[in-house]
Chemist: 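There's a structure below that I have some questions on.
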Amino acid sequence: MSEHLVPPWLSGAAGPAQPDFADTLGRTRMLRRTMAGKVREAAVLVLFAGDPAGDPTAAGGLPADADVLLTQRATTMRQHRGQVAFPGGAADPGDDGPVDTALREAWEETGLDRTGVQPITTLPKVYVPVSRFDVTPVVSYWRTPSEVRVVDSAETDRVVRVPMAELLDPANRFLVRTALGYRSPAFQVDGMLVWGLTGGILAELVTSLGWESEWDRTDVRDLEEALAAVGMVL
């Protein structure tokens, strides 16, 4: 997607898509067919920054300064209130595909300079039943990081560059279980609970890119209790 070389620690993201990626995140064709209403297109920017050379001594070559850009939605929003997410949102008629949607939405939410972002690949779409969005994750490298901030406090409470070392710390990883029995990978970091779509995408990427450290997969926590631990409620 760019004339720039992909950093070696992100090069695996540009390879063939994993066939089970969307299923792992909870999308099934049967579910999509049974949902009433029109499915809308959306995209999120999965934006990593860090030394482009990487660290050949680290798992997957991940550099020590690597981070990922996350937002926390405003608690006043009707849907997904207070949830941690990648920058992104619904496609506009004028967008030139999911990459353009992700970059535009990220600029609108965080004020980032999109010219410093190098898109690498798009992952398979993930269907989100609550909002009826077909979400395309756009994996990108932040070649020239710019200042980011909360642009609209009515939509976003926080904009955070989260160190990957903290996300990958086994002490910060577990599973959450909803009242309906759905299980999601989760990360507790910087006073936030990252779970659901965002947690699933991150979990898939850190595994496929070889960044993962062993963590306790038997640690399954009630979602409401896990949210309460970081001062949030459903």
Side-chain angles (χ1 to χ4, degrees), residues 7 9-13 17-18 20-27 44-51 54-55 57-73 80 82-88 123-124 126 128 135 137-142 157-234:
W9 48 279
L10 280 169
S11 60
Q18 299 178 45
D20 62 344
F21 183 87
D23 287 338
T24 302
L25 294 178
R27 175 187 179 182
V44 294
L45 187 67
V46 186
L47 183 58
F48 296 102
D51 185 345
D55 180 357
T57 67
L62 186 70
D65 64 344
D67 62 48
V68 64
L69 183 65
L70 297 176
T71 67
Q72 187 165 24
R73 301 196 183 281
H80 310 300
Q83 286 193 13
V84 179
F86 300 112
L123 299 177
V126 183
V128 181
V135 180
V138 180
V139 181
S140 304
Y141 175 59
W142 212 351
D157 278 345
R158 297 179 68 189
V159 174
V160 188
R161 293 179 61 175
V162 177
M164 289 304 299
E166 294 183 20
L167 274 172
L168 296 173
D169 185 340
N172 294 333
R173 297 198 63 182
F174 48 92
L175 297 171
V176 291
R177 182 181 55 240
T178 70
L180 296 176
Y182 167 72
R183 292 190 180 192
S184 165
F187 305 78
Q188 184 174 313
V189 60
D190 196 11
M192 301 182 296
L193 181 70
V194 186
W195 67 286
L197 175 67
T198 307
I201 292 173
L202 280 172
E204 285 286 333
L205 282 171
V206 301
T207 299
S208 64
L209 293 172
W211 302 344
E212 192 167 43
S213 299
E214 285 301 315
W215 56 283
D216 185 4
R217 289 171 172 78
T218 67
D219 185 357
V220 182
R221 307 180 190 181
D222 176 78
L223 175 59
E224 292 193 20
E225 293 178 0
L227 285 168
V230 294
M232 295 298 301
V233 295
L234 281 175

Chemist: Could you check whether any side-chain heavy atom of V68 comes within less than 4.5 Å of a side-chain heavy atom of M164, counting everything from C-beta outward?
Modeler: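 In contact.
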Chemist: Could you tell me whether the side chain of Y182 and the main chain of V176 form a donor-acceptor pair under 3.5 Å?
Modeler: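 A pair under 3.5 Å: no.
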Chemist: If every non-hydrogen atom of G196 is compared with every non-hydrogen atom of S184, which pair is closest and at what distance?
Modeler: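 So the two residues come closest at N-OG, 2.8 Å.
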Chemist: Output yes when a side-chain donor or acceptor of T71 lies under 3.5 Å from a complementary backbone atom of A85, and no otherwise.
Modeler: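 The answer is yes, because a donor-acceptor pair under 3.5 Å joins these two groups.
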Chemist: Main chain of D65, side chain of D51: is a donor-acceptor contact present, judged purely on distance under 3.5 Å?
Modeler: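 Judged by distance alone, no pair lies under 3.5 Å.
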Chemist: Could you state the interatomic distance from CD (E214) to CZ (R173), rounded to the nearest 0.5 Å?
Modeler: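 Output value for this atom pair is 9.5 Å.
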Chemist: How long is the straight-line distance from CG of L168 back to CG of L62, given to the nearest 0.5 Å?
Modeler: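 These two atoms lie 6.5 Å from each other.
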Chemist: Measuring from L197:CG to L202:CG, what's the distance to the nearest 0.5 Å?
Modeler: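 With rounding to 0.5 Å, CG (L197) is 9.5 Å from CG (L202).
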Chemist: Please report the closest heavy-atom contact between D219 and R221, naming both atoms and the distance.
Modeler: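 It is OD2-NH2, 2.8 Å.
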Chemist: Where is the tightest heavy-atom contact between R161 and D67, given as atom of each residue plus distance?
Modeler: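 Taking R161 first and D67 second, the nearest heavy atoms are NH2-OD2, 2.9 Å.
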Chemist: Return the CG to CH2 distance between D169 and W215, rounded to the nearest 0.5 Å.
Modeler: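 Spacing of CG (D169) from CH2 (W215) equals 13.0 Å.
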Chemist: Do you know which two heavy atoms are closest between P124 and P137, and how far apart they sit?
Modeler: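 Looks like O-CD, 3.5 Å.
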Chemist: Rounded to the nearest 0.5 Å, how far apart are CD of Q83 and CE of M192?
Modeler: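 Separation between the atoms: 13.0 Å.
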Chemist: Ignoring hydrogens, what is the shortest heavy-atom contact between F86 and R73? Give both atom names and the distance.
Modeler: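 The answer is O-NH2, 4.2 Å.
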Chemist: If we ignore hydrogens and angles and just use 3.5 Å, is the side chain of D222 paired with the main-chain N or O of E224 as donor and acceptor?
Modeler: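 Flag set: sc D222 to bb E224 pair under 3.5 Å.
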Chemist: For a 4.5 angstrom cut-off between non-hydrogen side-chain atoms, does V194 reach V162?
Modeler: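 In short, these two side chains do not touch, never coming nearer than 4.5 Å.
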Chemist: Mind checking whether V160 and Q72 have side chains closer than 4.5 Å, heavy atoms only?
Modeler: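 They are not in contact (no side-chain heavy atoms under 4.5 Å apart), so the answer is no.
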Chemist: How far apart are the closest heavy atoms of L193 and A226, and which atoms are they?
Modeler: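 Heavy atoms only, the tightest pair is CD2-CB, 3.9 Å.
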Chemist: Quick one: sort the F48 and W211 rings into parallel, tilted or perpendicular, breaks at 30° and 60°.
Modeler: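 Perpendicular.
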Chemist: If we ignore hydrogens and angles and just use 3.5 Å, is the side chain of T198 paired with the main-chain N or O of W195 as donor and acceptor?
Modeler: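 No: the side chain of T198 does not pair with the backbone of W195.
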Chemist: Quick one: are L123 and E204 in side-chain contact, heavy atoms under 4.5 Å?
Modeler: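 A side-chain contact under 4.5 Å is absent here.
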